[in-house]
Amino acid sequence: MASTCDSLIEDIEDMVSFSDPTPQERQSIRKSIIPRSRKKKELMCNEELQADSLIPGTQKIWMKTWGCSHNSSDGEYMAGQLAASGYKMTEADLWLLNSCTVKNPAEDHFRNSIKKAQEQEKKVVVAGCVPQAQPRMDYLKGLSIIGVQQIDRVVEVVDEAVKGHSVRLLGQKKDGGRRLGGARLDLPKIRRNPLIEIISINTGCLNACTYCKTKHARGDLASYPIEELVERARQSFQEGVCEIWLTSEDTGAYGRDIGTDLPTLLWRLVEEIPEGAMLRLGMTNPPYILEHLEEMAKILNHPRVYAFLHVPVQSASDSVLMDMKREYCIDDFKRVVDFLKERVPGVTIATDIICGFPGETEEDFQETIDLVKCYRFPSLFINQFYPRPGTPAAKMEQVPAHVKKQRTKELSQLFHSYNPYDHKVGERQHVLVTEESFDAQYYVSHNKFYEQVLVPKRAEFKGKMIEVDIYEAGKHFMRGQPVEDSKPFTPSIAAPLQKGEVSGLMQVNTHTHTHAHMYPYQMIQYRTYPAPVKLSLCNSNFVWLAN
């Protein structure tokens with residue numbers, strides 16, 4: 001049976017029949033096999049290479065992730081599995097590029113990185129939304145692909161890529177015919193920040209926005225069960241995390257496919273959060289949060305939940321929203337914002353706006369300007385419209401490029417004309433310190449409203465809740481002076497992992513692989529393969545990977 005690089009495997013487990021031998025049967029058969037020694041003339045010249053050059057699990061891997069926090073979480077999981085399997089996550093024999101398909105520039109960076117890697121004769125494995133949505137793109141030809149729901153198979157794909165094979169795993173995770181939220185949540189991961197755990201609560205969404213390419217990659221809504229999410233949070237706190245981010249393409253739609261909802265999940269998660277640790281909610285579209293406004297207000301007022309919500313409006317024009325197929329009107333958005341502002345004093349509402357969507361008139365754009373003037377959003381993501389290939393909006397009549405550019409500039413000028421934090425100078429606030437500033441001069445913390453507060457860079461503050469007096473405010477941040485005689489509070493119930501240390505390795509997996517790797521806790525025997533699997537390769541061969 002032949003295959004080519006362009007052939008796609010929708011679900012690789014489907015290639016394994018019930019008549020295939022089990023791993024135990026294959027092991028038994030191997031005992032009766034006598035290997036044939038090769039004559040010297042059969043040896044290939046490339047066998048003179050160093051032994052570890054072709055042994056999977058011994059190479060260095062450089063990884064780059066673009067896009068949203070969901071993508072970041074996927075990247076952390078892939079890095080963790082590779083490190084647990086023996087690969088070193090540093091520069092690099094192989095490049096693992098985890099892509100974003102939301103905007104043209106993000107895909108351009110991704111494409112340019114592939115070209116750069118190939119020019120340097122690096123092996124390349126690609127992941128993320130771009131190859132999932134468009135695996136047949138010319139610049140992806142011959143490359144190994146990890147689908148967005150196949151990140152638990154990253155080690156297998158990289159192993160084969162190291163050996164010069166091209167493998168594509170693009171199937172969907174299913175259980176009894178029902179689509180799952182993705183790979184298991186208990187996989188090893190390397191957190192970008194050991195103090196912050198990013199948890200994807202679902203994948204996909206229920207919308208069909210005409211401009212969105214991500215839906216092509218992530219598909220329809222599929223939620224993780226509450227118990228699995230609670231257990232992931234519990235494990236994170238046991239590893240020293242003090243802040244959790246919930247993420248997905250639409251957190252507000254969580255649970256609609258499994259008979260539950262977002263508030264039910266949040267109340268369960270709140271029970272697991274240690275005092276002083278915090279939970280941050282991810283993006284939610286207006287239609288799904290409208291049903292839960294009362295409960296969401298109560299949750300956002302909880303002392304261990306940031307009073308912060310990201311609700312994209314995209315446009316303040318109902319006609320534009322209709323063309324976008326956003327499934328709400330501007331009054332729905334205002335109702336969400338007004339209700340939360342009334343019931344959650346000081347709440348931060350972040351939003352997104354697209355400038356120059358096809359058909360947007362000057363009157364439509366002026367409605368958006370008026371909305372921003374009214375609410376003066378402290379966090380506003382302004383995007384010039386880019387037509388994404390394969391989306392309905394790409395076929396609509398486009399707004400001229402210079403008009404899109406001018407509208408983007410005008411909205412940006414409006415956003416920068418007001419300072420949302422000036423009135424907070426002189427306040428005393430409790431803030432949770434989790435990061436280092438880009439210039440490495442400060443530590444970055446956040447107050448109850450997830451507003452950024454820069455504090456002095458003292459080692460004893462990292463991962464702690466401290467009390468500060470606000471003495472300066474900028475456009476995007478405040479500066480705080482630690483209150484004298486106020487002791488930092490430690491929310492963590494355990495010491496955080498070290499930078500680059502693998503999460504989830506406290507337990508030994510019963511499935512083994514040839515690359516067991518020593519970590520501080522114990523001998524780790526990782527790599528789980530659910531069944532013998534057959535991979536489609538560019539050289540028309542099949543490779544068996546088994547337990």
Side-chain angles (χ1 to χ4, degrees), residues 2-10 12 59-68 70-72 74-75 78-79 82 89 91-151 153-154 156-172 211-219 383-395 398 401 535-541:
S3 65
T4 67
C5 283
D6 289 330
S7 65
L8 305 178
I9 302 177
E10 291 302 323
I12 206 160
Q59 288 75 20
K60 298 174 182 177
I61 297 177
W62 181 74
M63 185 171 181
K64 172 71 174 178
T65 292
W66 292 267
C68 65
H70 194 163
N71 243 27
S72 296
D74 287 352
M78 288 190 282
L82 290 165
M89 304 307 295
E91 301 185 11
D93 305 302
L94 179 146
W95 287 18
L96 174 55
L97 305 174
N98 188 21
S99 62
C100 172
T101 191
V102 172
K103 302 179 189 177
N104 290 28
E107 185 170 346
D108 291 341
H109 287 307
F110 173 61
R111 185 189 300 110
N112 291 337
S113 294
I114 292 174
K115 183 179 179 181
K116 183 177 179 181
Q118 291 171 332
E119 289 172 349
Q120 296 181 23
E121 299 184 346
K122 306 287 187 181
K123 292 182 171 65
V124 180
V125 174
V126 294
C129 292
V130 171
Q132 180 74 52
Q134 296 177 287
R136 298 183 186 276
M137 294 289 287
D138 286 343
Y139 69 90
L140 299 177
K141 198 169 184 179
L143 299 181
S144 289
I145 295 176
I146 302 165
V148 295
Q149 285 210 317
Q150 297 288 344
I151 60 172
R153 310 290 289 279
V154 63
E156 299 167 66
V157 176
V158 168
D159 280 356
E160 294 305 318
V162 164
K163 293 183 284 190
H165 301 144
S166 180
V167 181
R168 295 189 166 197
L169 297 181
L170 294 163
Q172 302 291 336
Y211 57 83
C212 183
K213 190 73 176 176
T214 306
K215 181 65 176 278
H216 293 194
R218 299 281 183 179
N383 304 288
Q384 180 176 318
F385 175 75
Y386 291 97
R388 302 298 291 130
T391 62
K395 301 174 184 178
Q398 303 296 306
L535 301 183
S536 174
L537 306 178
C538 277
N539 59 7
S540 298
N541 293 329

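Hydrogens, waters and symmetry mates play no part in the numbers below; they use all other heavy atoms, side chains included. Please read all numbers here as calculations on a predicted model, not as lab measurements.
Panel note: side chain T101, backbone V130; no donor-acceptor pair is recorded below 3.5 Å. Looking only at distances, a side-chain donor or acceptor of S166 sits under 3.5 Å from a matching main-chain atom of G142. When atom types are taken as modelled, the side chain of Q149 and the backbone of R218 share no donor-acceptor pair closer than 3.5 angstrom. K213 contributes a side-chain N or O that, together with a main-chain N or O of P389, makes up a donor-acceptor pair within less than 3.5 Å. Between the side chain of Q132 and the main chain of V148, a donor-acceptor pair closer than 3.5 Å is present. Using a distance-only test at 3.5 Å, with no hydrogens or angles considered, a donor-acceptor pair links the side chain of N98 to the main chain of N71.
The pair K163-E160 counts as a salt bridge, with a side-chain nitrogen and a carboxylate oxygen less than 4.0 angstrom apart. Classification of R111 and D108 as a salt-bridged pair holds, one side-chain N sitting under 4.0 Å from a carboxylate O.
Across K123 and A161, no two heavy atoms sit closer than the pair CD-O, 2.9 Å. Counting all heavy atoms, side chain and backbone alike, A393 lies closest to Y211 at CB-CA, 3.8 Å. For A117 against V124, the heavy-atom pair with the smallest separation is CB-CG2, 3.6 Å. A pairwise comparison of heavy atoms in Q150 and L169 identifies CG-O, 3.6 Å as the closest pair.
Partner of L96 under the side-chain contact (heavy atoms from CB on, under 4.5 Å) criterion, out of V126, V157, V154: V154 alone.
When only modelled atom types and interatomic distance are considered, E107 and Y139 share a side-chain donor-acceptor pair under 3.5 Å.
Remark: K64 fails to qualify as a cation-pi partner of W62 under the 6.0 Å distance and 45° angle criteria applied to the six-membered ring.
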